[in-house]
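All remarks here apply to the structure that follows.
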Amino acid sequence: MASSDVGDKPMVLTSHVDELFAYPQIFVPVMEKYFQVVWWEDFEKDMERYARHIQGVLVNGGLPKVTAELLDTLPNLRIISTLSVGMDHLDLQLLKSRGIKVSSVPDVSSDCVADWGMTLLTAAARRLPEAIKSATDTTTPFNYNILGKKITGSTLGIVGLGRIGYGIAERALGFKMKVLYFDIMRQPEREAALGLEFHSCLDQLLPNCDFIIIVVPLTPQTHGMMGREQFKLMKPSAIFINIARAPVVHQDQLVEALQNKTIQAAVLDVTSPEPLPPDHPLLHMPNVIITPHMGANSLESRRGVVEAGCESCTAAIRGGAIPREVVLK
Ligand SMILES: O=C(O)[C@H](O)CO
């Protein structure tokens, strides 16, 4: 795209389609309906040409990285629109100090992520990866005796009763589970609506749970909140599930807890790093399921997220009220 090609649509920058956290190609036309899109790779090659035209950045999976250096190159930037619920990859204070608006998508993919939380819970309870391997891998004995853990009637502890945590509670009740939750803020309405049991202290919740699922945002308060001491409080039969952010958990201490059989199993949709290096112990444990950070990955959810991000970005560029604006404190 030459500078003479700068068209009528506003120009936005986003991560390249070939990057790890790329938009699947099918979403490119959605973005191009709204914007003239500059891919990160082209931008890096030809910053001079694009920088002054760019008014928005669509951030996907933390890319492109929004650094002070990047902001310095974009004199007409109005908004950073992150296509995620989590905002831990953004320096909100920096953006505030530069007067740049921020939007996220807190509500678009909650159902999809809650579905995923229950999918992982059931997969771990019934040892699904092992079962599939036994039935389909002809080098593995066909095993009629893979014994799982009963879900109906068991107790689930939800750590974080935001939209996703609430969605998981709704689904768990369908499985006739008893649902306890911990949150730094008690949620009386949500609690009453579903008959949940609140625990003000995480350490008191943990010993009562057959399954524990983490759905808190990554903040300074939640960073490292699950470690050796918390694993020791869990039942030896507990299954631990993290669909939030990896740094909420001391990963090395989780490995230790699994190796020592302090807990029975873990399911991680998020790891540090992503992906894990091939020799990482978590990749070689029979009692661990790892998935590639895909809670929000349904076609419908991802399309909704891209549409919502584009709408916020457009509103900011036009100077109107921004849907899903993140109020910077
Ligand atoms: O925060 C989210 O929306 C997902 O984890 C994708 O980054």
Side-chain angles (χ1 to χ4, degrees), residues 13-17 19-24 26-27 30-31 40 57-66 79-92 95 102-121 158-168 183 213-223 225-226 240-249 251 266-276 289-313 322-328:
L13 173 67
T14 194
S15 60
H16 191 269
V17 282
E19 281 180 12
L20 187 60
F21 292 103
Y23 306 93
I26 48 167
F27 298 126
V30 179
M31 286 185 275
W40 176 254
V57 177
L58 294 172
V59 178
N60 183 37
L63 297 173
K65 278 197 190 319
V66 180
I79 182 163
I80 301 291
S81 175
T82 187
L83 305 184
S84 59
V85 180
M87 288 184 292
D88 42 286
H89 51 283
L90 295 177
D91 182 342
L92 297 178
L95 293 166
V102 177
S103 69
S104 70
V105 285
D107 51 345
V108 184
S109 56
S110 321
D111 277 330
C112 186
V113 182
D115 288 345
W116 189 233
M118 282 311 286
T119 303
L120 294 178
L121 184 154
I158 299 179
V159 180
L161 198 69
R163 285 188 183 85
I164 297 169
Y166 186 79
I168 291 170
D183 198 300
I213 188 159
I214 308 296
V215 267
V216 288
L218 177 62
T219 64
Q221 290 75 36
T222 62
H223 196 280
M225 76 188 282
M226 300 301 304
F240 175 78
I241 304 152
N242 186 9
I243 57 169
R245 287 290 183 267
V248 171
V249 181
Q251 196 166 269
V267 189
L268 307 173
D269 189 48
V270 287
T271 57
S272 184
E274 288 172 8
L276 290 170
I289 298 176
I290 301 195
T291 51
H293 196 147
M294 54 179 284
N297 282 8
S298 69
L299 187 59
E300 297 81 357
S301 154
R302 292 268 264 170
R303 180 173 290 126
V305 158
V306 173
E307 288 276 2
C310 289
E311 277 162 14
S312 303
C313 208
I322 303 171
R324 302 182 178 84
E325 179 172 3
V326 177
V327 180
L328 302 177

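Sequence positions, counted from 1, serve as the residue numbers for this chain. Just follow the structure's listing: the first ligand is 1, and inside any ligand the first atom is 1.
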>> Test of understanding: with salt bridge (Lys or Arg N to Asp or Glu O under 4.0 Å), list the residues that count as partners of R163, not counting sequence neighbours.
In response: none
> Which pair of heavy atoms, one from S15 and one from W40, lies closest together, and at what distance?
Replying inline: CA-CB, 4.0 Å
> So do I158 and Y166 actually touch side chain to side chain, heavy atoms under 4.5 Å?
Replying inline: no
>> Counting only heavy atoms and a distance below 4.0 Å, can you name the residues contacting ligand 1?
In response: S84, V85, G86, R245, H293
>> Show, in sequence, the C-alpha distance, side-chain angles and deciding distance for I241 and I243, and conclude whether the side chain to side chain contact (heavy atoms under 4.5 Å, CB included) test is met.
In response: CA-CA 7 Å; I241 304 152; I243 57 169; 4.1 Å; yes
>> If the condition is side-chain hydrogen bond (donor to acceptor under 3.5 Å, both in side chains), which residues does S103 pass it with, not counting sequence neighbours?
In response: S81
>> Under the rule for side-chain contact (heavy atoms from CB on, under 4.5 Å), what residues qualify as partners of E300, not counting sequence neighbours?
In response: S298
